[in-house]
Amino acid sequence: MPCPSQTSGFYVPNYVRNETNERLTIPNAERALDEPSTSGFVNIQETRMCSVCEENCWERPALGQNTGWMDGWMDGWMDGWMEEKEKRKKTERQKEKRRVISKFKAVVIKFDVAYPYGTKHDEFAKVAEAAHTVPDLLVGEVGVKDYGEKENADLAERYKVSKDDFPVVKLFVQGISEPYTFSDSEFTADNIKKFIRTKSNVHIGLPGCLEAFDKIAAKFSQVRDPEVKKALLREAEDLWDKTTGRADQKTAEVYVKTMRKALDKGDDFVPNELKRVQGLAKGKMSKEKKEEMQQRINILQSFQHEEL
């Protein structure tokens, strides 16, 4: 029967008893639930509300005593308790994710189905592989379920990602409140890398590019003072002199010649040259020549950098 000292039979007890008949306060009981191997949490089905209200306790019933009258209430209480615990754990996981993400200058995330496959998934995997040696970049994937417990559906909703658009790539840049969304019609690893480089200050290599020259090219494209551009050109020329290896020397030459022509013909040279080379690359040519043209396109795109 319900405890006569209570005006209502619905309350949270101050403590429960474990298998050794030891009293556990509710916080300790929660800890016991987290560590069942060490605490042996009380079996709720073997407890009942006391008839004399000994400090709102739960006592073990006598052997064979019927406790079915309270099973439904206890099931509801435990369901609520467990739901609250899961909410707290989820909140802690989200806090931990934010702490991890805050350590990187840029974080690129692909929102997709829970178990992705296919060409686009393979292309994104290439980005993750290339980012392995880039300490300032974190590459991740969020699998979204629209069934069952709808895992990560809340994240997709938060960042306005629809399952009809999967896969969706979002770039989170340190110091920028809202993420950038990859919108290129061609979902390729190189295009995603260009997207990362263009929207952030994080370098992720493209075929045929050299990191040191890419950084000079990015600065060159952002400044307007001719004297500063000339100084950057001299820096690139000095770096070219120190470059070893035939392939890298040839690549360095392309950077330097591009900067010289940009100084001579003005800021419109790079976008116009990029458009011209892209047009040539669409024509019929050998595989080797096409790769060479693509590398030249990649270098020209190093000079296109958005100010953040």
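No experiment lies behind these values; they were computed from the predicted model shown.
Taking the six-membered ring for Trp and the full ring otherwise, the centers of F124 and F182 sit at least 6.0 Å from each other.
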Practice task
Would you check, one step at a time, whether the test salt bridge (Lys or Arg N to Asp or Glu O under 4.0 Å) holds for E149 with K145?
Solution key: CA-CA 8 Å; E149 296 183 359; K145 292 182 179 180; over 6 Å; no

Practice task
Take K160 and E178, measure what salt bridge (Lys or Arg N to Asp or Glu O under 4.0 Å) needs, and give me the verdict at the end.
Solution key: CA-CA 11 Å; K160 299 179 177 62; E178 292 297 322; over 6 Å; no

Problem - salt bridge (Lys or Arg N to Asp or Glu O under 4.0 Å) evaluation trace for E129 with K126 - result: CA-CA 5 Å; E129 184 178 357; K126 294 177 185 177; over 6 Å; no

Exercise for the section: Given salt bridge (Lys or Arg N to Asp or Glu O under 4.0 Å), test K230 with E227 step by step and report yes or no. Expected result: CA-CA 5 Å; K230 289 177 183 178; E227 294 304 315; 3.6 Å; yes

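In this structure a side-chain-to-backbone donor-acceptor pair under 3.5 Å is missing from Y159 to K170. The main-chain N or O of E186 is found under 3.5 Å from a side-chain atom of N191 such that the two form a donor-acceptor pair.
Under the side chain to side chain contact (heavy atoms under 4.5 Å, CB included) test applied with R260, the options D264, V256, T258, L263 reduce to a single match, V256. Screening E211, H203, R197 against S302 for a side-chain hydrogen bond (donor to acceptor under 3.5 Å, both in side chains) leaves a single residue, R197.
Relative ring orientation between F303 and F220 is described as perpendicular, the plane-to-plane angle rising above 60° on a 0-90° scale split at 30° and 60°.
Put simply, the side chain of Q278 reaches to within 4.5 Å of the side chain of Q301, judged on heavy atoms. Residues I192 and I204 have side chains not in contact (no heavy-atom distance under 4.5 Å, counting atoms from C-beta outward).
Here the CD-CD distance, from E292 to E288, works out to 10.0 Å after rounding to the nearest 0.5 Å.
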